[in-house]
Amino acid sequence: MKVEIKDLSFKCIIGILDFERVKKQKVVVNISFEYKFKKDIFIDYSKVSSFIESQMKKKKFLLIEDAIIFLEAKLYKLYKVNNLNIKISKPDILKNCIVSVSN
């Protein structure tokens, strides 16, 4: 089975610039993964979404790349997923574009 979580949006501290370490900014997370579905074994996507949001708010990453590496390791370990793709965007950091990093 393939799960996609699109446009998970929240505010958190992320970035290396001085103002980014003080003021929360909007991030948008898109994630997809596959797993082996069995009759009574499934992945609760609401828990995955909550986990991503809570960890990003708690960890206050300096770089988007650091957040992706951390989330990859945790999601592989917690949920035994395959083909994990994570994209994190900062839509408001620059006036004329959206900045994203993905694995």
Novice: Would you mind reporting whether Met56 and Phe10 have side-chain heavy atoms less than 4.5 Å apart?
Specialist: yes
Novice: Just wondering, do Gln25 and Cys12 contact through their side chains at under 4.5 Å, heavy atoms?
Specialist: no
Novice: Taking Lys60 for the side chain and Lys57 for the main chain, is one N or O donor matched with an acceptor at less than 3.5 Å?
Specialist: no
Novice: Return the CD1 to CG distance between Ile43 and Leu78, rounded to the nearest 0.5 Å.
Specialist: 10.0 Å
Novice: Using modelled atom types and a 3.5 Å cut-off, is there a donor and acceptor pairing between side-chain atoms of Arg21 and backbone atoms of Ile16?
Specialist: no
Novice: Using residues 85-93 as the side-chain source, report each donor-acceptor pair under 3.5 Å to any protein atom, sequence neighbours left out, with the distance given to one decimal.
Specialist:
unit_1	atom_1	unit_2	atom_2	d
Asn85	ND2	Asn83	O	3.4
Ser89	OG	Ser100	OG	2.5
Lys90	NZ	Glu20	OE2	2.7

Novice: Verify the ring-centre separation between Phe61 and Phe70: is it less than 6.0 angstrom?
Specialist: yes
Novice: Would you say the side chain of Glu34 lies within less than 4.5 Å of the side chain of Val81, judging by non-hydrogen atoms?
Specialist: no
Novice: Parallel under 30°, tilted from 30 to 60°, perpendicular over 60°: which one fits the rings of Tyr35 and Phe37?
Specialist: perpendicular
Novice: Determine, step by step, whether Ile64 and Asp66 satisfy the side chain to side chain contact (heavy atoms under 4.5 Å, CB included) criterion, reporting the C-alpha distance in whole Å, the side-chain angles of both residues, the deciding distance to 0.1 Å, and the verdict.
Specialist: CA-CA 5 Å; Ile64 296 174; Asp66 293 333; over 6 Å; no
Novice: Do Met1 and Val48 belong together in a cluster built from hydrophobic side chains that touch within less than 4.5 Å?
Specialist: yes
Novice: Is there side-chain contact between Leu8 and Val28, with at least one heavy-atom pair below 4.5 Å?
Specialist: no
Novice: In terms of hydrophobic clusters joined by side-chain contacts under 4.5 Å, are Val101 and Phe33 together?
Specialist: yes
Novice: Evaluate side chain to side chain contact (heavy atoms under 4.5 Å, CB included) for Ile14 paired with Val27, printing each intermediate quantity in order.
Specialist: CA-CA 9 Å; Ile14 186 168; Val27 295; 3.7 Å; yes
Novice: Check for me, please, whether Phe42 and Val3 land in the same ILVMFWY cluster - side-chain distances under 4.5 Å, paths through other members count.
Specialist: yes
Novice: Can you tell me how far CD1 of Ile52 sits from CD1 of Ile5, rounded to the nearest 0.5 angstrom?
Specialist: 5.5 Å
Novice: Atom CD1 in Ile31, atom CD in Glu72: separation rounded to 0.5 Å?
Specialist: 9.0 Å
Novice: If you round to the nearest 0.5 Å, how far is CD1 of Ile13 from NZ of Lys59?
Specialist: 15.5 Å
Novice: Any non-hydrogen side-chain atom of Phe51 less than 4.5 Å from a side-chain atom of Ser49?
Specialist: no
Novice: Take atom OH in Tyr76; do more than 12 heavy atoms of anything else shown fall under 6.0 Å from it?
Specialist: yes
